[in-house]
Amino acid sequence: MRALTWQGTKKVSVEDVPDARIEDDTDAVIRVTSTAICGSDLHLYDVLGPFLSAGDILGHEPMGIVEEIGSGVTDLAVGDRVVVPFVIACGHCYMCSRGLTTQCETTQNRGSGTGADLYGYTELYGSVPGGQAEYLRVRRADFNAYRVGTELPDDRYLFLSDILPTAWQGVRYAEVPAGGTLGVLGLGPVGQFASRIGRYLGFRVIAVDPVPERRAMAERYDVETLDLTDDVLDALREGTDGRGPDSVVDAVGMEAHGNPGTSFVQKAVGLLPDGLAKPIMQTAGADRLAAMMLAIEAVRRGGTVSLSGVYAGAADPMPFMTMFDKQLSMRMGQCNVHHWRDELLPIVEDPSDPLGTEDLVTHRVGLDEAPEMYETFKNKDDGCIKVVLQP
């Protein structure tokens, strides 16, 4: 089969790889009909290379049709249309029973001190082959392949794999008070959905992003937007009676603008031999924290900062005096997709498509064009907001 593979920092290619196949009786194999490039895939493309091996299959936002099932699979049948969450969980352990599927104790990576296995996301999370491919082996398929309808287009369901529940969890974690104001930093795919969810739930939403096309898309959903200018903090406060938003979702993470020194170090470490780079990143790695710092400064006193953007630093400095003085709450973490999907399914199937699942993709290409799309997405060229590959 053909699949998008990591070959080195800023180098990916589509290659012939061994076919996905049933290896355990709880597996299923799906034919991938749509699979997206996620913002966190860019971390692999640019920063986290020391934890990848040449030939690793990337991608963790797939859906498709069940082609084959193992003898232990009871809830799926060949021909079912399914969405596959990026998290691989068991559904019955202590953590899963509490809705914390990203902390699944059955697939947890204890050797690296990280959470549950993830598709296509480095040796830190199991080195599991990902979904930017013609076929995907779905592990523990009864719990991890979510059956969906057959009438609506893929875009209605595809984002249940990651970015839609990630945005939903981000807004839920933000604990915006009734009638309150939600700030959203970053209008990439997760920020777009977080902003739309905020409006759907009845909040005023003010979003910040430096890219005009992203601000224009958000404004279609009655979101107020601000450019990322030097006075954006003042603008956020002036628009909220001098206090700042009640809650702020950071939908940017470690690829924030600013901190050129940290950016240089990230890239330099990524070019070191793996044996040197891994311990540096695991013990002294730092992120560009511009978005998080803006969130902490912008949110009102007594407010909540919710981190949906991915951070990977082990030695990031935090402004604890400010956080303590402002009496802030912070929520964060990989999205527990399984916990939210039943809540979200009726919304994505609503005929009015209130969250605009069919109004997010800006680039739709075949699998062979994936390498070019990684570069386009990373550089935000050609108005690129969301890329979907169709193998």
Side-chain angles (χ1 to χ4, degrees), residues 28 30-36 38 59-66 69 73-92 96-102 104 116 118-119 131 136 138-174 189-203 221 249 251 306 308 333-361 386 388 390:
I30 69 165
R31 174 175 55 83
V32 177
T33 57
S34 292
T35 182
C38 181
H60 57 266
E61 296 185 355
M63 68 174 293
I65 306 299
V66 176
I69 59 173
V73 175
T74 58
D75 293 338
L76 294 174
V78 171
D80 282 347
R81 188 186 191 201
V82 297
V83 175
V84 180
F86 74 94
V87 182
I88 304 170
C90 71
H92 55 73
C96 285
S97 66
R98 285 156 177 79
L100 297 170
T101 52
T102 59
C104 175
L118 310 179
Y119 286 104
L136 174 69
V138 181
R139 310 190 183 197
R140 302 179 180 275
D142 277 337
F143 189 63
N144 293 295
Y146 190 50
R147 187 187 300 105
V148 296
T150 60
E151 301 300 320
L152 295 171
D154 276 12
D155 286 3
R156 283 294 188 104
Y157 299 109
L158 176 62
F159 308 120
L160 291 170
S161 61
D162 179 358
I163 59 172
L164 185 54
T166 292
W168 188 266
Q169 176 174 291
V171 175
R172 289 298 196 194
Y173 278 10
V190 171
Q192 294 288 341
F193 274 142
S195 298
R196 298 174 192 185
I197 289 165
R199 293 297 299 133
Y200 176 80
L201 296 175
F203 309 130
Y221 294 84
V249 171
S306 174
S308 290
Q334 297 274 18
C335 180
N336 302 300
V337 177
H338 308 71
H339 181 67
W340 305 110
R341 57 188 183 182
D342 287 347
E343 195 170 326
L344 285 166
L345 185 63
I347 302 174
V348 303
E349 291 186 328
D350 185 323
S352 69
D353 191 16
L355 300 182
T357 57
E358 294 188 55
D359 181 30
L360 184 72
V361 177
K386 187 63 175 177
V388 169
Q390 294 182 306

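Residue indices begin at 1 and follow the sequence shown.
Note that NZ of K386 and CZ of F193 are 8.5 Å apart. Values are rounded to the nearest 0.5 Å. Atom-to-atom distance recorded for D359:CG and Q192:CD is 8.5 Å, nearest 0.5 angstrom. For the atom pair CD1 (I30) and CZ (R81), the distance works out to 11.5 Å, reported to the nearest 0.5 Å. A distance of 12.0 Å separates CD1 of I88 from CZ of F143, quoted to the nearest 0.5 Å. Atoms CG and SG, on D142 and C90 in that order, are 12.5 Å from each other to the nearest 0.5 Å. Atoms CG and CD1, from L355 and I197 in turn, are 5.5 Å apart once rounded to the nearest 0.5 Å.
Under the 4.0 Å criterion applied to side-chain N and carboxylate O atoms, E358 and R156 are assigned as salt-bridge partners.
Under the 4.5 Å side-chain criterion, counting only non-hydrogen atoms from C-beta, V32 is not in contact with M63. Contact annotation: the side chain of V82 never approaches that of V148 to less than 4.5 Å [non-hydrogen atoms, C-beta and beyond]. Between L160 and V348 the shortest side-chain heavy-atom distance falls below 4.5 Å. Considering only heavy atoms from C-beta on, L118 comes within 4.5 Å of Q334 through its side chain. Counting heavy atoms from C-beta outward, H338 and P85 have side chains that approach closer than 4.5 Å.
For the 3.5 Å distance criterion, the side chains of N336 and T102 qualify, holding a donor opposite an acceptor. For the residue pair D80 and Y146, no side-chain donor N or O sits within less than 3.5 Å of a side-chain acceptor on the partner. Side chains of E61 and Y119: a donor-acceptor N/O pair is absent below 3.5 angstrom, by distance only.
Checked options T35, T357, T33; the residue passing with D154 is T33 (criterion: side chain to side chain donor-acceptor pair (under 3.5 Å)).
When every heavy atom of L158 is checked against every heavy atom of A36, the shortest pair comes out as CD2-CB, 4.3 Å. Looking at every heavy atom in both residues, V337 comes nearest to S161 through CG2-O, 3.9 Å. Closest non-hydrogen pair, S308 versus V249, comes out as OG-CG1, 4.0 Å. Listed here is the closest heavy atom pair of P62 and L136: CG-CD2, 3.7 Å. Looking at every heavy atom in both residues, Y173 comes nearest to S306 through CB-OG, 3.5 Å. The two atoms that bring A145 and V138 nearest to each other are CB-CG1, 4.1 Å, heavy atoms only.
Every residue two or more places apart in sequence or in another chain was checked for a side chain to side chain contact (heavy atoms under 4.5 Å, CB included) with S97, and none qualifies. Qualifying side chain to side chain contact (heavy atoms under 4.5 Å, CB included) partners for S352, counting only residues two or more places apart in sequence or in other chains: D350, P354. Listed by chain and number, the residues in a side chain to side chain contact (heavy atoms under 4.5 Å, CB included) with R98 are Y94 (sequence neighbours excluded).
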Run the side chain to side chain contact (heavy atoms under 4.5 Å, CB included) check on R172 and W340 step by step: do they pass?
CA-CA 10 Å; R172 289 298 196 194; W340 305 110; 4.0 Å; yes
Checking side chain to side chain contact (heavy atoms under 4.5 Å, CB included) for the pair V83/F159: CA distance, chi angles, key distance, verdict?
CA-CA 9 Å; V83 175; F159 308 120; over 6 Å; no
What's the verdict on side chain to side chain contact (heavy atoms under 4.5 Å, CB included) for E349 and L152, showing C-alpha distance, side-chain angles and the deciding distance?
CA-CA 8 Å; E349 291 186 328; L152 295 171; 4.1 Å; yes
Run the side chain to side chain contact (heavy atoms under 4.5 Å, CB included) test on L164 and R341 for me, step by step, so that the C-alpha distance in whole Å, both residues' side-chain angles and the decisive distance to 0.1 Å come before the verdict.
CA-CA 9 Å; L164 185 54; R341 57 188 183 182; over 6 Å; no
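A distance-only check finds no donor-acceptor pair linking the side chain of D162 to the backbone of H60 [under 3.5 Å]. Judged purely by atom type and a 3.5 angstrom limit, R199 uses its side chain to pair as donor or acceptor with the backbone of F203.
A cation-pi arrangement is present between R196 and Y221 under the rule of less than 6.0 angstrom and at most 45 degrees off the ring axis.
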